[in-house]
Amino acid sequence: MTLAFTVPGLDEAASEKAVAILQNRLAQEQEAALVLKHAHWNVTGPNFIAVHEMLDPQVEVVLAQADETAERIATLGGAPDGRPEAIVRARTWKDFDVEGRKSTVDYINALIEYYDGFIADDRKAVEELDELDFVSSNIIQDHVQELEKFQWFLRSHVA
Ligand SMILES: [Fe+2]
């Protein structure tokens, strides 16, 4: 990967590593928006409207996260890849495998599990970015805080 430039005070090697980590997080943030909409459309049964309507704000937040991550990549001189193929290529995490009309509990439990991986990978990215670029680390720290809150919302539906 060749960077167009680097920000002042950050060397190229660190920038390249930070961009690679951010690109991986961008892919999952984009995927999360798709997964959450999929659940929003297919969830059925008791508490339908509560769960259906709970998910749209989460979609908006993860899309805003993706935008922020992509623009951080561009700020660091990189070129964010927002194509569907980039999401699939980057995926090291377990895919979301619940499909069709399923109960609120089924979708909520699957989303809690999805957030488990998402949060753990974001936390790992924060640790790695801390060594490379604390500004990028700070951005993902803010993101993971929102994800942890959303997982708590989901947990509160099935407690
Ligand atoms: Fe909708």
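Counting starts at 1 for both ligands and their atoms, in listed order.
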Notebook entry, point to check: Given E29 and R25, is the salt bridge (Lys or Arg N to Asp or Glu O under 4.0 Å) satisfied, shown in steps?
Noted result: CA-CA 6 Å; E29 288 163 354; R25 295 300 75 213; over 6 Å; no
Checklist line | Step-by-step salt bridge (Lys or Arg N to Asp or Glu O under 4.0 Å) determination, D133 to K17 | finding: CA-CA 9 Å; D133 172 30; K17 286 181 191 160; over 6 Å; no
Item checked: Stepwise side chain to side chain donor-acceptor pair (under 3.5 Å) check, T104 with N47 -> CA-CA 7 Å; T104 49; N47 300 317; 5.1 Å; no
Next item on the list: Take E71 and T75, measure what side chain to side chain donor-acceptor pair (under 3.5 Å) needs, and give me the verdict at the end.
Entry: CA-CA 6 Å; E71 290 178 3; T75 300; over 6 Å; no
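Around the Fe ion (ligand 1), protein N, O or S atoms at a distance under 2.8 Å total 1; waters are neither shown nor counted.
Between E31 and W93 the shortest side-chain heavy-atom distance falls below 4.5 Å.
Residue pairs meeting the salt bridge (Lys or Arg N to Asp or Glu O under 4.0 Å) criterion with at least one partner in residues 149-159, sequence neighbours excluded, do not occur; the list is empty.
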